[in-house]
Amino acid sequence: MTQEIGSPEASRYNVKEAEQRWQAQWESSSCFEVTEDSSLPKYYVLEMFPYPSGRIHMGHVRNYTLGDVVARYKKAAGFNVLHPMGWDAFGLPAENAAIENNVHPAKWTRENIATMREQLKSMGLSYDWSREISTCEPEYYKHEQKMFLDFMKQDLVYRKESWVNWDPVENTVLANEQVIDGKGWRSGALVEKRKLSQWFLRITAYADDLLSAIDTLDRWPDRVRLMQENWIGRSEGAHIQFDIVDHDEKLEVYTTRPDTLFGASFCAIAANHPLAQSLVADQPELNEFIQECNRLGTSEAAIETAEKLGFDTGLVVKHPLEEGKTLPIYVANFVLMDYGTGAIFGCPAHDQRDLDFARKYGLPVIPVVGPKGADPASVEVGDEANTDDGVLINSGFLDGLNVTDAKSRIIDHLEENKFGERAINYRLRDWGVSRQRYWGCPIPIIHCDGCGIVPVPESELPVVLPEDVDLSGAGNPLDAHPTWKHADCPTCGKAAVRETDTFDTFFESSWYYAQFASPGSEDVGFTKEAADYWLPVDQYIGGIEHAVLHLLYSRFFTRALKQCGYLEAVEPFAGLMTQGMVCHQTFQGTDGRWVFPSDVEDRDGTPVHIKTGETVTIGRTEKMSKSKRNVVDPEGIIATYGADTARLFMLSDSPPDRDLEWTDSGVEGAWRYANRLWRGVFQGEASRAERGAAVPGDMGEQTTAVYRLCHKTISDVSRDLDRFHFNKAVARIRELTNALDNLGEDNDGARWVRRFGWETVTRLIGPMMPHLAEELWHGLGHETLLADTPWPEFDASLLVEDSIEMGVQVNGKLRATVSLPKDCDQATAEAIVYELENVQKAIDGKDVRKFVYVPNRIVNVVV
RNA sequence: GCGGGCGUGGUGGAAUUGGUAGACACGCAAGACUUAAAAUCUUGUUGCCUUUGGCAGUGCCGGUUCAAUUCCGGCCGCCCGCACCA
């Protein structure tokens, strides 16, 4: 909701003028441009670079504010700080914009970049803009074409068939997000799965390393490490080969529960399992079922949330351990071809999904694990499968063993009798990098009828993406281009065609952090010396939504680049901070349409639409999104209140990893604080000592307390910034500001402490409100840039307190507080505590059973 | 469906390793200043009650402990990711 702002122009702090002035000063002094310097400790701060979607949004403001605080703080703390920015410029939205607004993706992207660059500059971010990169330019993507060819030489690249979402009306491949309820988002046509030959990067070659190295990422959030671990999904189990009755081939399944083999009552295969495909010709109903499965699209979420369905193929397998027993083979929509062998055996008693399936299709449920000591006959299975440990029953030679022992015993048996073996499986799949899209990096490959697949020679790189394309037609514009795809085969010289697929845009973002080390270098995108100096990124900051894919691909890329000799780093990001979303209230008009906050005003406590005057309803607070229109444009906020106010608000209340709710009142609170600081320095000169005045010998009690608080605040804020507790740092600086304002004494000591205090506040707030801090620093008589000024130090001797205020509990309930000498012994504490009136009253003559005393923390008298 | 997370006053949040729940703000109320308003300043502000005190209270139910927002078990609600959005 936009309200009349307390006319900021009227304030004597001229935000706009001051912010532009300091931005110009930083730029002209080049104070954020860096070079490798082995004499200084390096610190590489990186925020996830933005997709140039048009204008910056509040999520960017939050992300880049967080990074800027870290960068400025580390610079002040004496590090050689690299803090770059660039553009993740390839991607689908540019093509959508091309279709919707008839503008070329290149033009659209470059214009967006120009707009967003100016917007970022207005935020006063401490970037080394000389290192700016844009991934859609050949100067950038030529390097990844070479990397791809190098990966090929290292056997990290291969080609295989894989499934895509196919829109039969538009004749294009759809992204998962373009498939809505199984239909194409534009055409509305039922989406089909199609098989295409595509390029893959062998990320699974590094599965074990990517998994075990998670332990070394000690400055990553635990939850992200856990998500990566689960994504890689290493499991230990077995492959089992089943003989199919009256069939030449065998059915191989992967299972993590070989111990439950005696409880198997069916086998199930994926719809696109070769066996299922081979049966289609004779079974039209099966074909129909498989088509139905294919209509679910390629998204795992869609497949797994669909109703579990199966189709009995009529084929049966022999149970390998029980003579004469057979199990039916179903095609099931919940079995994934990409996991294990694309086939399972179902043991309904000990797997919930199998149980649901068995109940639905009337299959037997045989419990094979029971509680210890239970009578096998009494173990029954209800609605819930038993996945607990226990003792094997109804399982022949496995009976009586626990689950772990049974697993190992049965695998030995499988191996001895040659119908199965121990197996390790990963959930992680190889990374498919082919995209049938225009706005991406061309894959440097030529297809020759005679020579097959031929890499483009390095001397002919880059393969430049043509800009004269027709985007209005169906299909891939590169394929439709009249000349581009025709090339001579590098090997035999005959006419051949280029690969018309482009790379997944995760390709660009998997190595950009390395390019920032030395952009513009010709060879490989960066020099090894620069990469080895700057990498890994010391602190990476971005959204939790990238917790798995982008981060995992980048980790893989670093390893692959190392394998190719590009750099020495093992991990790309030593530290990771994930930020929460920026949320806002939603508003709806009487017709149910979403209303922009800027179109809502408050009239006598009722929110109404500014133009129509009709009442709007306030909905729940949600992530800012264009569709719900609950967005606030950063540009307007910066124009009105200045970047520092927006930055302070972003940092003030919510910790970085939590969601933040944008509120006008919160912004105004930040704005008021900015003005308060300004007044404190520019209107409080009279009560402050001159710069450089000698430390006075005598200070009053209150003055001493404020002086000590200054040192304590430096210590606390430093620690808070080290731990990224920006909201706490802000609270502490505000506390110090309050104390300075409330310092009533006015003598030499107080005047000296006032100067010291305001200088301290200015320096501490510097990373968060850099423009205002420069203004204050100047106002305090300094000629140098605060951006070049070292972080303040504190005197540890002033932090020591000699007595501590402690709570006194009786039976766990607070009855009094008492000031005790620091580290005082229990006898002294007891003596003092028992004298307290409230304590005596609470004990009320009862026997003291225990006197709990934790020095400097708590006293608890148990009666 | 699977994986991960979050939940504390009217609101955002704070609370070392289990040790005085509500720091710092926002909002609100009262007051000061002002012709008036804005700005600014002061005071109060978890709820309830019999109000110099007491009881309850950190999504819900239970457990461990002298002591639980914090640890354990079970629920509920919301959010993020699920491999072609970035």
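Naming: A, B, ... by sequence-line order, numbering from 1 per chain.
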> Could you go over nucleotides 19-23 of chain B and give all protein N or O partners under 3.5 Å, atom names and distances?
{"unit_1": "B:rU20", "atom_1": "O4", "unit_2": "A:E805", "atom_2": "O", "d": "2.5"}
{"unit_1": "B:rA23", "atom_1": "O2'", "unit_2": "A:E735", "atom_2": "OE2", "d": "3.3"}

> Which atom pairs link the protein and nucleotides 76-80 of chain B when you take only N or O atoms and keep those under 3.5 Å?
{"unit_1": "B:rC78", "atom_1": "O3'", "unit_2": "A:R620", "atom_2": "NH2", "d": "3.3"}

> Check ring pair (Phe, Tyr, Trp, His ring centres under 6.0 Å) between A:Y673 and all other residues, then give those that pass, not counting sequence neighbours.
none
> How does protein contact run along nucleotides 48-53 of chain B, one letter per nucleotide 5' to 3', with B for base contact, S for sugar-phosphate only, - for none, heavy atoms under 4.0 Å?
------
> Pairing of RNA chain B as dot-bracket, 5' to 3': ( ) intra-strand, [ ] crossing, | other strand, . unpaired, with Watson-Crick or G-U pairs under 3.5 Å?
(((((((..(((......[....)))((((((.......))))))((((...))))..(((((..]....))))))))))))....
> Within residues 197-205 of chain A, which residues have any heavy atom lying less than 4.0 Å from an atom of RNA chain B?
A:Q198
> Does the protein touch nucleotides 40-45 of chain B at the base, only the backbone, or not at all? Give it as B, S and - per nucleotide, heavy atoms under 4.0 Å.
SSS---
> Report all side-chain donor-acceptor pairs from residues 88-100 of chain A shorter than 3.5 Å, counting only partners two or more places apart or in another chain.
{"unit_1": "A:E95", "atom_1": "OE2", "unit_2": "A:Y438", "atom_2": "N", "d": "3.3"}
{"unit_1": "A:E95", "atom_1": "OE2", "unit_2": "A:W439", "atom_2": "N", "d": "3.0"}
{"unit_1": "A:N96", "atom_1": "OD1", "unit_2": "A:R186", "atom_2": "NH2", "d": "3.4"}

> How would you list, by chain and number, every residue that makes a ring pair (Phe, Tyr, Trp, His ring centres under 6.0 Å) with A:F503, sequence neighbours excluded?
A:F148, A:F507
> Check side chain to side chain donor-acceptor pair (under 3.5 Å) between A:T621 and all other residues, then give those that pass, not counting sequence neighbours.
A:E661
> What pairs of residues pass the salt bridge (charged side-chain N to carboxylate O under 4.0 Å, His left out) test when at least one of them lies in residues 803-814 of chain A, not counting sequence neighbours?
none
> Could you tabulate the donor-acceptor pairs under 3.5 Å formed by side-chain atoms of residues 854-863 of chain A, not counting sequence neighbours?
{"unit_1": "A:N856", "atom_1": "OD1", "unit_2": "A:D823", "atom_2": "N", "d": "2.9"}
{"unit_1": "A:N856", "atom_1": "ND2", "unit_2": "A:D823", "atom_2": "OD1", "d": "2.7"}
{"unit_1": "A:N860", "atom_1": "OD1", "unit_2": "A:N811", "atom_2": "N", "d": "3.4"}
{"unit_1": "A:N860", "atom_1": "OD1", "unit_2": "A:G812", "atom_2": "N", "d": "3.0"}

> Do we get A:R194 above A:W166's six-membered ring, with its NZ or CZ under 6.0 Å from the centre and within 45° of the axis?
yes
